[in-house]
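See below for the structure under consideration.
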Amino acid sequence: MNDKKLFLQGLTRPNDDQNDARRYDLLIGNGKILAFGPSGSFEAPADAVPEKTDGCLLLASLIDAHTHLREPGFEYKEDIRSGLAAAAHGGFGAVLAMANTRPVNDCAPVTRLMLDKATLHHPHGPFLHPVGALSIGLEGSELAPMGELAEAGVKAISNDGRPVRNNELFRRAMEYAATWGLIVIDHCEDPDLSNGVQMNEGPQSTRFGLKGQSTVGEALQVARDILLSEYLDLPVHLAHISCRQSVDLIRWAKSRGVKVTAETCPHYLLLDDSLLAAYDTRFKVSPPLRGKSDVQAMLEAVNDGTIDILVTDHAPHAAHEKEVPFDEAPNGFIGLETALPLTLDLVRQGLLRADRLEELWCRKPAEIFKLRHNSFKPGDPADFILVDPQSAWTVDTSSIHSKSLNSPWLGLELRGKVVGHWLGGYKIIG
Ligand code: DOR
Ligand code: ZN
């Protein structure tokens with residue numbers, strides 16, 4: 001925390017109207033928001049220090065509810081130090097880190113190790129919230145000790161990366177998780193319909209001669225989770241939703257009052273399966289990039305609130321792992337540092353409403369996972385970022401803080417750079 005008062009003037013806010021020239025001022029002190037409003041609407045006290053802002057875009061610090069930081073076990077891909085550095089530069093003040101580490105995060109010592117590393121390397125944040133395994137070793141046969149994991153500090157449990165085949169086990173996981181106040185995050189892919197698949201099933205997979213996964217492979221488990229959620233009257237959160245059938249089911253469930261929430265990633269809003277034409281493993285991800293009509297359905301679902309939040313599914317892999325024949329390559333993209341510029345691009349293209357930005361990347365994930373966040377009300381934590389929305393940069397080794405570069409946007413220019421990042425009034429970037 002920082003007890004100095006800071007005064008930031010002339011900031012812009014997310015807005016759909018290109019001609020809107022409104023500016024805002026922000027006053028912080030003692031790690032909290034003291035005042036926020038249209039420029040000139042309040043006076044800064046004499047002891048407040050002015051901070052250079054250059055008319056930047058002001059946003060609440062973002063929350064990524066789905067990352068893979070790879071520590072313990074796969075530190076050559078990423079570790080907690082590098083992953084949280086990438087988060088800080090990407091505008092994320094908090095991340096939920098999945099359990100598919102080695103060893104798997106299915107017991108308190110692993111959770112504690114992750115938390116200790118985060119505090120050691122990033123004492124002022126970004127803050128790490130480990131996700132516990134749903135089953136021991138992610139094997140899908142025995143429930144993980146949820147009480148122990150909850151007491152050690154996990155916020156949620158998930159078998160992410162290894163979908164749960166056993167419906168009975170999944171039901172029990174939902175029931176036990178609820179007794180500990182933990183949310184179940186489900187990676188929705190039917191393990192049999194996903195066995196050995198390389199991409200989305202459709203005209204493109206026929207053309208490229210790659211084994212495809214139909215959208216039913218995802219929607220079947222979405223349907224299972226919704227039915228269980230309604231029957232048990234318990235919440236479930238659906239990870240990286242990618243297709244029309246799934247969002248149709250989620251929309252139906254929400255209309256019935258089912259306690260289901262759902263996320264998607266920027267890549268499911270921007271990329272489609274035609275990109276696999278060159279058999280470039282950089283486009284291989286699970287669930288796979290879908291067809292154009294699914295991309296359209298995802299955009300509609302994000303704008304109308306059927307999809308509650310955006311996440312990165314930051315999944316670093318080393319170059320030597322991705323530079324192999326297509327069917328041997330691991331799934332996943334890095335995403336922490338590209339997410340915000342890509343989201344700003346969606347807004348610029350008129351594909352995403354500007355007023356959804358903070359809801360999708362901050363307020364709603366905070367609500368679902370019960371995390372602190374900033375709504376710019378007096379007393380809120382001074383967790384915010386300043387973004388130069390026009391600043392262009394190229395995705396490459398010199399710009400990326402993650403240890404891995406497995407991005408579909410590698411070598412391409414993105415627009416939008418985090419130029420300042422404060423958490424609890426402490427400046428971590430800028
Ligand atoms: O593409 C993916 N990569 N999807 C997952 O669910 C897991 C992740 C990983 O851990 O690499
Ligand atoms: Zn994941």
Side-chain angles (χ1 to χ4, degrees), residues 64-79 83 86-87 95-105 114 129-135 137-138 140 155-165 183-191 193-195 197-200 213 217-218 221-222 237-243 246 262-268 271 273 275-276 280-290 309-322 324 326-336 338-339 365 369 402-408:
D64 185 10
H66 191 146
T67 65
H68 298 267
L69 296 189
R70 306 301 192 205
E71 184 172 2
F74 303 99
E75 290 84 352
Y76 65 94
K77 299 174 194 256
E78 192 80 286
D79 59 25
V95 304
L96 268 67
M98 288 297 171
N100 60 344
T101 47
R102 188 173 61 201
V104 164
N105 183 19
M114 293 168 77
H129 300 289
V131 175
L134 182 148
S135 63
L138 299 176
K155 292 281 175 197
I157 56 153
S158 181
N159 237 58
D160 186 60
R162 300 271 300 276
V164 182
R165 174 186 272 110
I183 301 290
V184 177
I185 304 175
D186 196 23
H187 176 135
C188 295
E189 281 188 293
D190 180 275
L193 290 176
S194 310
N195 195 11
V197 300
Q198 301 298 324
M199 66 174 292
N200 180 45
Q213 182 213 60
E218 175 177 306
Q221 286 215 344
V222 168
H237 179 76
L238 307 180
H240 39 51
I241 292 302
S242 70
C243 63
S246 296
E263 62 181 47
T264 193
C265 316
H267 45 267
Y268 299 117
L271 308 178
D273 59 2
L275 289 162
L276 292 151
D280 186 334
T281 61
R282 275 190 298 125
F283 296 101
K284 187 174 173 185
V285 66
S286 162
L289 298 178
R290 303 292 187 182
I309 66 171
L310 290 175
V311 300
T312 67
D313 196 9
H314 178 79
H317 292 294
H320 71 269
E321 295 173 307
K322 278 282 198 182
V324 293
F326 198 87
D327 57 346
E328 291 166 24
N331 287 303
F333 308 156
I334 55 165
L336 282 166
T338 50
F369 298 103
S402 173
K403 282 192 188 179
S404 296
L405 283 171
N406 53 310
S407 167

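Both counts, for ligands and for their atoms, begin at 1 and track the order of listing.
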Review point. Around ligand 1, what residues show up once you keep those with a heavy atom under 4.0 Å from it?
Key: H68, R70, N100, D160, G161, H187, H240, V285, S286, D313, A315, H317, N331, G332

Point to revise | Whether D186 side chain and C188 backbone form a donor-acceptor pair below 3.5 Å | key: no

Check your understanding: Does the side chain of E78 pick up a donor-acceptor pair with the side chain of S402 at under 3.5 Å?
Key -> yes

Exercise for review: Give me the protein N, O or S atoms that fall under 2.8 Å of the Zn ion (ligand 2), sorted by chain and residue number.
Suggested key: H66 NE2, H68 NE2, D160 OD2, D313 OD1

**Study point:** Check: Q221/R165 side-chain N/O donor and acceptor closer than 3.5 Å
**Key:** no

Review point. Any side-chain donor paired with an acceptor under 3.5 Å for H314 and D64?
Key: no

Check your understanding: For H129, which residues count as a ring pair (Phe, Tyr, Trp, His ring centres under 6.0 Å) partner, sequence neighbours excluded?
Key -> none

Exercise for review: Evaluate the side chain to side chain contact (heavy atoms under 4.5 Å, CB included) criterion for residues T101 and H68: first the C-alpha distance (whole Å), next the side-chain angles of each, then the deciding distance (0.1 Å), finally the verdict.
Suggested key: CA-CA 8 Å; T101 47; H68 298 267; over 6 Å; no

Review point. Side chains of R70 and N100: does their closest heavy-atom pair fall under 4.5 Å?
Key: yes

Review point. So does E71 pair up with K403, basic N to acidic O under 4.0 Å?
Key: no

Point to revise | Sequence-distant partners of F74, ring pair (Phe, Tyr, Trp, His ring centres under 6.0 Å), two or more places apart | key: none

